[in-house]
Asker: 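Before I ask anything, let me first share the structure, which is written out below as structure tokens.
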Amino acid sequence: MKTLLPYLSTPDDLRSLPAELLPGLAREIRDFLIDKVSARGGHLGSNLGIVEITIALHRVFRSPDDVIVFDTGHQAYVHKILTGRLDGFDTLRCRGGLSGYPSREESPHDHLASSHASTALAYADGMAKARRIAGGDARAVVAVVGDGALTGGVAWEALNNLGAARHRPVIVVLNDNGRSYAPTVGGCADHLGRLRAAPGVTVFENLGLRYLGPVDGHDIEALEQVMRTALELRAPVVIHCLTRKGLGYEPAEQDLDEHLHAIPVTDPATGRPLSPRTTTWTHAFAHHLCALGERRADLVAITAAMPGPTGLAEFGRRFPERMFDVGIAEQHALASAAGLAMSGLHPVVAVYATFLNRAIDQVLMDVALHRLPVTLVLDRAGITGPDGPSHHGMWDLAALAMVPGMRVAAPRDAVRLSELLEEAVEHDGPTALRFPKAAAGAEIPPAGSVGDVDVLSSTGQDVLLVAVGPMAEPCLGAAAMLSAAGLGVTVVDPRWVIPVSADLRKALCGSRLVVTVEDGIAASGAGALVRQACAPGQHVLNLGLPCEFIGQGSRSELLAEAGLTGQGIAYAIRKELNRWPL
């Protein structure tokens with residue numbers, strides 16, 4: 001059969017296709033996605049479920065003049081295919097290659113670099129306002145949002161504004177598959193479930209928006225018809241589309257936990273990863289948390305719609321009454337955790353480090369202000385890799401360094417993770433535990449200690465290397481190189497990196513050059529606090545990540561580019577020593 005995809009380089013080409021060819025095109029797109037995403041890894045299930053919606057969007061609306069913005073941009077792969085980026089999928093999520101999210105640098109069809117959920121409606125509201133101010137532009141503004149994103153407060157703030165603005169004709173395409181990673185939770189999910197069963201008066205209409213649907217989100221003809229109706233209304237309107245995540249690929253349809261939401265490099269025939277399973281930091285955390293849950297009846301866990309990816313799924317299976325999925329609502333997660341802690345429980349809130357950014361106000365004013373025993377577990381801290389700038393968890397140390405009373409731990413291996421998690425939940429104030437998206441690696445036993453500070457190696461006091469968490473391994477490599485060149489180097493791991501402890505202050509004494517190494521912002525994280533704690537005149541070098549948005553690539557590539565390898569650290573120290581004699 002003749003393929004269609006190579007002949008579709010613009011949405012105009014798609015609009016010229018006869019309607020009877022579109023079901024075949026949808027099958028071809030799914031086959032293409034299964035092949036390419038399996039080869040590189042990425043978001044598969046969500047894109048398999050939005051094929052027909054995206055085809056209809058680009059046939060009815062005229063992108064880029066009509067604005068189409070995707071909430072949670074991982075569902076934009078089909079959009080990329082239909083806007084001339086078919087060949088780029090061989091470099092999907094690679095350094096310098098095709099982004100796994102919309103990218104303004106890639107195409108005029110991408111209006112924002114979206115990747116965090118619940119924001120598209122607010123973007124659309126602002127764009128529609130701007131067009132009205134500019135003269136009542138008749139072009140459309142369309143926001144594609146999943147039902148999971150409607151668990152986020154920002155989405156409801158935008159709906160509140162859209163509903164009161166009859167003159168702001170934003171079209172909300174609600175892709176309702178009943179899931180984020182896990183099944184969507186909360187009252188909104190229940191409401192959408194009732195609408196699937198029997199249409200009635202909707203919350204959207206009560207807010208002032210028009211409502212069209214439900215419509216079969218895999219029927220291109222029906223989708224085109226309802227989108228044209230929405231366009232004619234010239235009012236804020238919600239099109240409720242019912243879809244199935246992972247449609248058309250049996251391994252995704254049979255994966256009831258996540259419908260292969262995001263996959264590593266995979267065998268497309270089976271849907272199984274090609275690389276052998278390794279014990280990740282997330283696996284180690286999940287094991288230790290369950291062990292603590294057995295001993296402590298006051299321990300509760302909170303996830304923001306990601307029980308599996310953050311390691312809480314097993315805790316939820318074993319202690320269902322002590323596990324709370326609050327949806328994509330990090331602010332609520334932290335404020336609710338504060339309420340739990342005020343009531344005598346110890347909440348463990350597990351989120352990706354990048355998503356903590358959304359809840360810093362709650363960390364400050366709801367948790368820390370009340371000195372509450374809430375433990376943050378920050379998965380994917382530091383460089384995460386191919387998901388790019390929005391997902392690197394590199395801001396957490398800088399943000400948490402300013403929170404009064406906050407203690408932050410950074411384990412260097414799984415043994416220390418277990419110890420520090422136990423210490424965190426024993427503490428009577430706010431704590432955080434951070435670790436990367438990576439294999440946990442071998443244990444790095446201490447060679448000695450200065451109080452609670454672990455000494456990992458020592459050949460002298462010319463240079464003191466302060467390693468933050470997983471930076472211990474490259475610091476030891478750098479120390480070996482420098483020691484071989486005749487320098488006396490000591491490597492320490494503070495374990496608790498914020499605040500600077502009295503034991504670490506003691507360890508800092510006597511070294512001519514103190515070097516801190518972290519996979520966070522070098523200028524304003526844990527190393528900056530160490531610099532402040534050093535004696536006047538003591539030489540300090542802070543190594544870490546630059547304060548800029550770092551692109552996609554593998555974790556090892558990006559750490560090497562930042563100089564955070566043994567060789568890179570040794571080079572930076574030699575360069576610093578050349579500036580002044582020891």
Side-chain angles (χ1 to χ4, degrees), residues 281-282 284-286 288-293 295-296 298-304 310-312 315 322 330 333-353 355-357 359-382 393 395-412 414-436 451-454 468-470 493-504 518 520 525-526 529:
W281 288 93
T282 309
F285 160 66
H288 298 319
L289 184 69
C290 287
L292 280 174
R295 304 201 311 266
R296 292 190 54 148
D298 66 330
L299 200 67
V300 294
I302 301 176
T303 176
T310 60
L312 295 184
F315 186 93
R322 289 155 54 192
E330 291 83 5
L334 266 296
S336 177
L340 286 161
M342 286 175 176
S343 304
L345 300 176
H346 191 109
V348 174
V349 183
V351 296
Y352 284 7
F355 298 144
L356 178 68
N357 301 342
I360 290 298
D361 179 69
Q362 283 68 39
V363 172
L364 270 167
M365 297 301 169
D366 299 307
V367 174
L369 179 65
H370 297 100
R371 299 182 297 279
L372 293 172
V374 174
T375 295
L376 305 173
V377 174
L378 306 179
D379 203 317
R380 273 72 165 173
W395 318 103
D396 60 319
L397 288 172
L400 294 176
M402 69 178 181
V403 178
M406 174 63 71
R407 299 188 70 211
V408 181
R412 66 180 181 268
V415 174
R416 255 40 66 177
L417 189 155
S418 176
E419 295 172 355
L420 291 167
L421 179 61
E422 184 145 4
E423 291 174 27
V425 300
E426 290 289 343
H427 186 57
D428 61 359
T431 54
L433 186 74
R434 74 187 302 268
F435 49 78
D452 286 339
V453 174
D454 284 346
V468 174
D493 171 11
R495 300 171 72 254
W496 290 96
V497 298
I498 296 174
V500 178
S501 68
D503 292 329
L504 181 55
E518 62 193 295
L529 296 180

Asker: Quick one: closest heavy-atom pair of Met406 and Val363, and the distance?
Answerer: CE-CG1, 3.8 Å
Asker: Check the pair Val408 / Leu397 against side chain to side chain contact (heavy atoms under 4.5 Å, CB included), numbers first and verdict last.
Answerer: CA-CA 8 Å; Val408 181; Leu397 288 172; 3.9 Å; yes
Asker: Have a look at Val425 and tell me which of Thr375, Asp298, Leu289, Leu433 forms a side-chain contact (heavy atoms from CB on, under 4.5 Å) with it.
Answerer: Thr375
Asker: Once side chain to side chain donor-acceptor pair (under 3.5 Å) is applied, do any residues pair with Arg322, and if so which ones, sequence neighbours excluded?
Answerer: none
Asker: Which atom pair, heavy atoms only, marks the closest approach of Pro347 to Ala337?
Answerer: CG-O, 3.3 Å
Asker: Can you find a pair of side-chain heavy atoms, one from Arg380 and one from Thr282, that are under 4.5 Å apart?
Answerer: yes
Asker: Looking at Ala286 and Gly311, what are the two nearest heavy atoms and their distance?
Answerer: CB-O, 3.2 Å
Asker: Give a yes or no on whether the backbone of Asp452 and the side-chain of Asp503 come within a donor-acceptor separation of less than 3.5 Å.
Answerer: yes
Asker: Minimum heavy-atom separation for Ala368 and Pro430, please, with both atom names.
Answerer: CA-CG, 4.2 Å
Asker: Inspect the contact between Asp454 and Arg412 and indicate whether a charged nitrogen and a carboxylate oxygen are less than 4.0 angstrom apart.
Answerer: yes
Asker: With rounding to the nearest 0.5 Å, note down the distance linking CD in Glu423 to CZ in Arg495.
Answerer: 4.5 Å
Asker: How long is the straight-line distance from NE2 of His346 back to CG of Asp428, given to the nearest 0.5 Å?
Answerer: 10.0 Å
Asker: Could you go step by step and tell me if Leu400 and Leu356 meet the side chain to side chain contact (heavy atoms under 4.5 Å, CB included) rule?
Answerer: CA-CA 10 Å; Leu400 294 176; Leu356 178 68; 4.1 Å; yes
Asker: Indicate yes or no: at least one non-hydrogen side-chain atom of Leu312 is less than 4.5 angstrom from one of Val377.
Answerer: no
Asker: Relative to each other, are the rings of Phe285 and Phe435 parallel, tilted or perpendicular (30° and 60° limits)?
Answerer: tilted
Asker: List in chain and number order the residues that pass salt bridge (charged side-chain N to carboxylate O under 4.0 Å, His left out) with Arg407, two or more places apart in sequence or in another chain; answer none if no residue qualifies.
Answerer: none
Asker: Any side-chain heavy-atom pair from Asp396 and Leu376 closer than 4.5 angstrom?
Answerer: no
Asker: In sequence, state the C-alpha distance, the side-chain angles, and the governing distance for Trp496 and Leu420, and then conclude on side chain to side chain contact (heavy atoms under 4.5 Å, CB included).
Answerer: CA-CA 8 Å; Trp496 290 96; Leu420 291 167; 3.4 Å; yes
Asker: To check you understand the geometry: which heavy-atom pair defines the closest contact between Asp493 and Ala410, and what is its length?
Answerer: OD1-O, 4.3 Å
Asker: Ion pair present between Arg296 and Glu426, side-chain N to carboxylate O less than 4.0 angstrom?
Answerer: yes
Asker: Would you say Leu334 and Asp366 make side-chain contact, with heavy atoms under 4.5 Å?
Answerer: no
Asker: Could you tell me whether the side chain of Met402 reaches within less than 4.5 Å of the side chain of Leu364, counting heavy atoms only?
Answerer: yes
Asker: Indicate the atoms forming the closest heavy-atom contact of Leu504 with Val453, along with that distance.
Answerer: N-CG2, 3.6 Å
Asker: Indicate whether any N or O donor in one side chain lies under 3.5 Å from an N or O acceptor in the other, for Asp379 and Thr310.
Answerer: no
Asker: Would you say the side-chain atoms of Glu518 pair up with the backbone N or O of Ala526, donor to acceptor, closer than 3.5 Å?
Answerer: yes
